[in-house]
Amino acid sequence: MNFIKSNLFFLIVLTVVIFALYGKSINFELMDLDDKASITNSIYYISDIKNLPKIFFQDTTYKHESTYYRPVLMTSFSIESIIFGHNTKIYHLTNIIMYVFTMYLIYLFFIKLRLNKNISKAVVLLFTVHPILTSNVVYVSPRGEMFLTIFLLLAFISFINYIENAGIKNLILFFIFVLLAVLSKETAAMLILISAAFLYAFKNETWPLGRSADFQLGSLTDFKLSRLAAWQKKRLINILIFFTAAVLIYIIFRFIAISHPQPSAFATFKIFWVNAFNSLMIFTEKIFVPGYISVLLYDVQITAGMILVNSVIVCFVIFALIKNFIDRKKILFCIFWYLLFLFPNFFIFEQQILFHRLLLPLIGIEIFLVLLVEYILYNYVSVKNFLFILYIFVFVSFVTASWFQAEKYRTQQSFMINSYADSVNRISSVQFVDFCIKNGDYRQARQLLAER
């Protein structure tokens, strides 16, 4: 009962903080990029209830003209349009509510990993107001990242429940959530890899055998050990079968939706490594030193400050691995989580640096911070007050930065101006040409076309 009450209070805190910070976005406009294609231009189609079942067999243009396949996201737009009509306030309100649930679920996932509850609350609350995640809330289309995070974490929790307690219910829930996760975004297929890494890093907290007092004392017989090993293997095979079934269903649905060949948009080997380097440099810097966060960025300029921040972080992680003051396996798990869920972004030929894609990868950083703070508070009690003051300072700074970052998405005009400023002469300038023509600024439109 105390567990429920304490978690309910934290949910209320999250709700109040998120609505106080981002509640104003309910009055924001839709953007002319993904919002326009997915909602505005298709409103008559998605608001017709007869078309709702068809969405899982169509791309996001509803015309078999794109390779972009996000049926869960599009279904949410359709349901909102059917019930409320083309109401932009509802789209934004849904985003805010989903963000509350996403951050709360991240906290519950940390509890499932048996991390410190109070430190987990503090870390999750801090990242809730991190300006790097602002676009996830105030820009409607990145809702897909929240669907991905929600269903992947629910699948992961079901996976842990099945490993610990078996039960066909947990296995079926795992299958359902995996299917919904991959239908939200293909990145969810990485779940099988991160699950293997989890079993490696959290073995003693997960397997009942690892937590067994008899096992710790070495009193289990060879016969019992072999039985337990067979039991573990059977559960893992069941997980793999149900995971494969969910992915196969996704592949079939996608093939029906996108059956025509498309030109390759994947990066070459050289571009892949350039994308990886640039992305990791800017993402890692902006996580720890947010500063100015672009709306839409194509050309990453490597600066001395970026190199310094990344070097300090890499050196600290290497130091932590060598000293092993945090379980080395868990540090590697956190690094693997962060890199694994960023990995698909490196394959895009013309890379866009979109910070809403950090929602899921950031969980690896958050787990590491919970473990680090727990170690510091346990071994250096005297720094508790200093950490508290530092936390308040960073929290207030993040809230302030997020408040102003959200303003970039208030109107189509503010979004396009910031987008153009971030990526002059790139794809965003083409969209800006459209914007200039609509507003009668033909001179600026001609100039942009000449630059392009």
Side-chain angles (χ1 to χ4, degrees), residues 105-106 108-115 148-168 170-212 215 225-226 228-251 276 317 320-321 324 326-347 359-368 370-371:
L105 187 58
I106 292 173
L108 294 183
F109 177 59
F110 289 177
I111 301 306
K112 195 65 183 175
L113 297 184
R114 295 179 173 82
L115 302 181
L148 167 65
T149 303
I150 288 169
F151 291 127
L152 187 136
L153 290 181
L154 288 173
F156 212 132
I157 290 171
S158 300
F159 163 75
I160 297 173
N161 287 338
Y162 181 71
I163 289 297
E164 292 181 341
N165 305 309
I168 189 64
N170 292 323
L171 200 54
I172 292 173
L173 286 174
F174 173 77
F175 167 79
I176 292 171
F177 291 135
V178 169
L179 180 58
L180 290 171
V182 289
L183 288 171
S184 299
K185 193 173 182 180
E186 299 85 350
T187 307
M190 300 293 186
L191 176 64
I192 200 67
L193 297 177
I194 201 67
S195 297
F198 166 78
L199 291 176
Y200 168 78
F202 289 84
K203 183 178 180 180
N204 291 337
E205 291 90 340
T206 305
W207 291 111
L209 173 58
R211 301 198 305 273
S212 167
F215 177 74
L225 284 172
S226 64
L228 285 167
W231 167 79
Q232 292 174 348
K233 183 178 179 181
K234 181 179 178 182
R235 291 193 182 183
L236 291 177
I237 290 173
N238 289 340
I239 286 289
L240 188 59
I241 290 171
F242 276 72
F243 175 83
T244 304
V247 172
L248 284 175
I249 292 173
Y250 160 78
I251 292 172
V317 171
L321 285 169
N324 202 31
I326 301 172
D327 188 338
R328 190 176 290 120
K329 292 181 179 179
K330 293 179 180 178
I331 296 177
L332 291 173
F333 172 78
C334 294
I335 297 171
F336 187 61
W337 182 296
Y338 178 62
L339 295 177
L340 183 67
F341 289 115
L342 280 181
F343 185 73
N345 298 300
F346 306 155
F347 282 97
L359 179 62
L360 183 57
L362 265 177
I363 293 174
I365 304 293
E366 293 170 47
I367 294 172
F368 178 77
V370 172
L371 295 171

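Numbering of residues begins at 1 and proceeds along the displayed sequence.
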* Go through F175 and L171 one step at a time and tell me if the side-chain contact (heavy atoms from CB on, under 4.5 Å) criterion holds. => CA-CA 6 Å; F175 167 79; L171 200 54; over 6 Å; no
Show me, pair by pair, the donor-acceptor contacts under 3.5 angstrom made by side chains of residues 336-343, not counting sequence neighbours?
unit_1: W337; atom_1: NE1; unit_2: L360; atom_2: O; d: 2.9
unit_1: Y338; atom_1: OH; unit_2: T284; atom_2: OG1; d: 3.1

* Any idea which heavy atoms bring L179 and A246 closest together, and the distance? -> CD1-O, 3.4 Å
* Between atom CG of L183 and atom CD1 of I249, what is the distance when rounded to the nearest 0.5 Å? -> 9.0 Å
* Asked: Are any of the side-chain heavy atoms of I111 and L115 separated by less than 4.5 Å?
  -> no
* Asked: Below 4.5 Å, heavy atoms only, C-beta onward: do I367 and F333 meet side chain to side chain?
  -> yes
* State, yes or no, whether a side-chain contact exists between L236 and I163 at a heavy-atom distance under 4.5 Å. => yes
* Straight-line distance of K330 NZ to F198 CZ, nearest 0.5 Å -> 9.5 Å
* Determine whether F202 and R114 make a side-chain contact, defined as any pair of heavy atoms from C-beta on separated by less than 4.5 Å. => no
* Spacing of F368 atom CZ and I365 atom CD1 [to the nearest 0.5 Å] -> 8.5 Å
* Asked: Can you name the side chain to side chain donor-acceptor pair (under 3.5 Å) partners of N170, sequence neighbours left out?
  -> none
* Asked: Hey, what do you get for CD1 (I239) to OG1 (T244), rounding to the nearest 0.5 Å?
  -> 10.5 Å
* Asked: I106 versus L362: any side-chain heavy-atom pair under 4.5 Å?
  -> no
* **Spatial distance of atom CZ (R235) from atom CZ (F159) [nearest 0.5 Å]** => 11.5 Å
In a table with atom names and distances, give each donor-acceptor pair under 3.5 Å that connects a side chain of residues 148-158 to protein atoms at least two apart or in another chain.
unit_1: T149; atom_1: OG1; unit_2: E145; atom_2: O; d: 2.9
unit_1: S158; atom_1: OG; unit_2: L154; atom_2: O; d: 2.9

* Atom CG of N165 and atom CD1 of I160: how far apart are they, to the nearest 0.5 Å? -> 11.0 Å
* Determine whether F174 and L191 make a side-chain contact, defined as any pair of heavy atoms from C-beta on separated by less than 4.5 Å. => yes
* Taking all non-hydrogen atoms of both residues into account, name the closest pair between G364 and C334 and its distance. => O-CB, 3.4 Å
* To do: Can you see which heavy atom on N324 is nearest to which on D327, and at what distance?
  => OD1-C, 3.6 Å
